[in-house]
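We number each residue from 1, following the sequence as shown.
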Amino acid sequence: MTQLSDHGPIDPPLLDPERTGPQQVDEAPAAHPDASWWRQAVVYQIYPRSFADSNGDGIGDLPGITSRVGHLRDLGVDAVWLSPFYPSALADGGYDVDDYRDVDPKIGTLEQFDEMVATLHAAGIRVVVDIVPNHTSNRHAWFTEALTAAPGSPARDRYVFMRGEGPDGERPPSDWTAIFGGSAWEPVGGGEWYLHLFTPEQPDLNWANEEVRADFRRTLRFWSDRGVDGFRIDVAHALTKDMSHPLPTQAELESGTHAEGQHRWEDRDEVHDVYREWREVFDSYDPPRTAVAEAWVPAHRRARYASPEGLGQAFNFDLLEAGWDGARFRTLIQANLDLAGESGTSSTWVFSNHDVVRHASRYALPTGTDLKAWLLSDGREPAADAERGLRRARAVTLLALALPGSMYLYQGEELGLPEVADLPVDALQDPVWARSQHTEKGRDGCRVPLPWTSTGPSFGFGSAGAHLPQPAWFAEFATDVQAARDDSTLAFYRQALAQRRRLQGTETLTWDDDGPADVVRFTRPGGWTSVTNFGDTPVPLPPGRLVIASSPVEGDLLPGETTAWVQQAPGD
């Protein structure tokens with residue numbers, strides 16, 4: 001049903017309510033015609049093991065992705081980003097890579113990868129793959145060779161091996177703590193230790209070694225030659241390291257007393273030498289391959305990763321971390337647009353991914369909630385207001401979709417999926433659970449396989465069970481249920497992405513400053529305005545035609561916790 005307001009009809013959702021399965025369209029949307037397609041793209045992140053299972057083994061796979069391209073096309077995304085699909089023991093969800101130039105047999109084959117890419121390209125959707133350059137897995141051929149090689153050998157020089165402290169090297173070289181907990185050093189005998197910033201199954205590479213650099217350039221070419229359009233670079237800030245003696249203590253590392261760009265392993269200036277080499281590889285293709293950095297660095301340092309001479313774009317997680325605060329949103333948006341302009345790139349906007357509690361649940365909790373403690377309580381303390389969480393999540397998503405730059409969506413957010421906070425501990429797979437001595441549940445709650453249908457042993461994810469248990473309430477969020485309703489979150493996302501494509505113009509905006517502090521309002525080229533009411537009291541809408549709203553709108557007032565786009569008529 002078309003929603004009416006005094007501003008005129010809202011454009012109806014772009015779906016056929018009679019079709020309840022994965023939908024196909026007769027014609028693919030036109031792909032961006034030039035090398036700048038990524039600057040204002042909508043990119044959909046797929047966590048392959050949890051997207052769609054084609055063979056009933058409980059693990060998502062590449063043919064499963066291929067079978068659901070119609071869903072992605074109907075949604076209206078410009079590209080997909082695939083989290084790691086490489087051979088892996090899954091010590092860290094696939095980010096422990098055995099072979100960077102192959103596909104895990106549980107997920108598919110190279111031939112199936114090629115078929116998936118061809119199907120996505122035929123639908124007008126580009127492909128971005130994850131590259132994990134800080135570490136390999138401990139099953140990688142290089143590392144198994146290193147373990148049998150002598151100290152100081154070329155095989156060990158590909159990694160960060162050091163002799164331990166004490167007469168026999170019996171103590172680790174430093175007291176550094178791994179990001180997932182425990183020591184960052186693992187002994188291999190003979191007084192030798194290797195560095196792992198994450199799990200022991202993820203030994204860190206030595207990026208001062210030219211063989212390491214050359215091999216990753218080969219990997220970039222391998223996937224580019226197979227039609228991959230771009231790369232997401234995992235932990236882009238941590239590759240290069242200064243391991244000279246004496247090593248600082250963990251307290252000294254965290255003190256912040258080091259000169260900028262001179263931390264022992266984090267955001268060192270020389271990491272950009274690596275990315276300049278990669279840029280030469282990217283630019284050797286027509287169109288050039290794209291890249292986006294996952295770089296957890298201060299905002300003013302992020303621009304270096306996003307420079308045209310480097311990776312070209314970098315994630316900004318500022319809005320993800322901002323909480324429900326309109327004034328804060330306004331400040332962060334402008335700051336990131338300024339930074340993007342300085343580096344000649346476009347900004348990125350993201351609220352959910354495979355590493356964080358889904359934003360429909362974050363916004364359902366009181367401000368300041370300790371999310372780790374909330375997960376440990378199985379999502380009971382404090383209680384979540386699911387209706388408010390989804391309302392706020394839709395509002396900020398529509399706000400971000402109105403901004404210049406790229407929008408990154410995470411699989412399932414188009415269904416409004418909340419976090420599965422009450423996974424039983426015996427089902428947890430994230431290494432954080434064990435490495436934290438059971439004080440953090442980790443990230444499995446956002447990685448539960450998707451519900452495609454309201455019935456079946458895994459809600460249409462596959463013909464049997466799923467590798468992480470799905471709750472019974474997933475049925476109400478299933479794609480087939482939402483595809484039959486024009487007021488569903490899925491319908492909202494489809495309409496929002498279609499309108500974004502229609503309205504998209506140059507990468508500028510003009511702030512409208514004559515409203516309350518808890519209202520974020522700006523106008524984009526082409527004469528349309530986005531207005532978000534972060535408060536509880538309704539506020540007047542600007543004049544014009546109401547294009548889309550994140551919650552129902554009646555009359556001329558925008559309700560609280562709602563975003564609307566309004567298109568002005570000529571002369572308004």
Side-chain angles (χ1 to χ4, degrees), residues 21-22 44-72 80-120 127 129-130 132 137-140 199 201 226 354 410-412 415 417 420 422-431 433-434 442-475 477-480:
Y44 182 98
Q45 181 190 357
I46 291 177
Y47 191 75
R49 290 169 173 81
S50 296
F51 188 70
D53 169 21
S54 70
N55 60 9
D57 66 356
I59 299 172
D61 47 41
L62 300 184
I65 296 171
T66 302
S67 74
R68 297 293 182 177
V69 169
H71 172 78
L72 301 169
V80 297
W81 150 33
L82 301 177
S83 290
F85 50 84
Y86 312 110
S88 172
L90 301 183
D92 180 22
Y95 284 85
D96 47 316
V97 178
D98 298 347
D99 185 344
Y100 291 89
R101 298 192 283 272
D102 204 354
V103 176
D104 192 315
K106 296 185 182 67
I107 293 180
T109 64
L110 283 170
E111 290 73 23
Q112 289 169 337
F113 179 88
D114 294 340
E115 180 183 2
M116 177 196 68
V117 171
T119 304
L120 286 164
V127 180
V129 301
D130 227 311
V132 188
S137 79
N138 62 344
R139 305 196 313 176
H140 191 284
T199 70
E201 294 86 0
R226 299 193 93 92
H354 64 295
Y410 179 53
Q411 64 178 43
L415 305 177
L417 281 184
V420 182
D422 59 351
L423 286 171
V425 296
D426 59 358
L428 297 178
Q429 300 172 10
D430 193 332
W433 174 244
R443 302 158 293 176
D444 291 311
C446 66
R447 301 176 179 184
V448 176
L450 296 187
W452 293 96
T453 61
S454 59
T455 60
S458 60
F459 299 107
F461 168 68
S463 59
H467 69 94
L468 283 168
Q470 301 158 298
W473 51 261
F474 257 31
F477 289 88
T479 303
D480 65 345

Tyr86 to Tyr100 - nearest heavy-atom pair and separation
CE2-O, 3.6 Å
Gap separating the CZ atom of Phe461 from the CD1 atom of Ile59, nearest 0.5 angstrom
8.0 Å
Angle between ring planes, Trp452 versus His71, binned at 30° and 60°: parallel, tilted or perpendicular?
perpendicular
N-O pairing of Lys106 and Asp53 below 4.0 Å
no
Determine yes or no for a side-chain-to-main-chain donor-acceptor pair under 3.5 angstrom, with Asp98 supplying the side chain and Ser137 the backbone.
no
Where do Pro87 and Asp99 come nearest, in terms of heavy atoms and distance?
CD-O, 3.4 Å
Residues Pro63 and Ser54: closest non-hydrogen pair is CB-OG, 3.5 Å
Could you state the interatomic distance from CG (Leu417) to OH (Tyr410), rounded to the nearest 0.5 Å?
9.5 Å
Spacing of CZ belonging to Phe51 relative to CG belonging to Leu72, to within rounding of 0.5 Å
4.5 Å
Atom pair NE2 (His354) and CG (Asp444), whose distance is rounded to the nearest 0.5 Å
12.0 Å
Contact check, side chains of Pro449 and Phe459, non-hydrogen atoms, under 4.5 Å
no
Below 4.5 Å, heavy atoms only, C-beta onward: do Leu110 and Arg226 meet side chain to side chain?
yes
Using the side chain to side chain donor-acceptor pair (under 3.5 Å) rule, pick out the option among His467, Arg443, Arg447, Arg49 that qualifies with Gln429.
His467
Passes side chain to side chain donor-acceptor pair (under 3.5 Å), Ser83 versus Gln45? Steps please.
CA-CA 7 Å; Ser83 290; Gln45 181 190 357; 3.0 Å; yes
Minimum heavy-atom separation for Pro469 to Val448, with atom names?
O-CG1, 3.6 Å
Pro84 versus Gly94, closest heavy-atom pair with distance:
CB-O, 3.2 Å
Is a donor on one side and an acceptor on the other found under 3.5 Å between the side chain of Asp61 and the backbone of Gly108?
no
CZ on Phe113 to CG on Asp102, rounded to 0.5 Å:
11.0 Å
Can you find a pair of side-chain heavy atoms, one from Asp96 and one from Asn138, that are under 4.5 Å apart?
no
Side-chain contact, heavy-atom cut-off 4.5 Å: Thr479 with Leu450?
no
State, to 0.1 Å, how close Met116 and Leu62 come at their nearest heavy-atom pair, and which atoms those are.
SD-CD2, 4.0 Å
What's the spacing between Glu201 CD and Leu90 CG if we round to 0.5 Å?
11.0 Å
Are Gln112 and Phe85 side-chain neighbours, meaning at least one heavy-atom pair lies under 4.5 Å?
no
In the structure I gave you, are the side-chain heavy atoms of Ile65 and Leu82 within less than 4.5 Å of one another anywhere?
yes
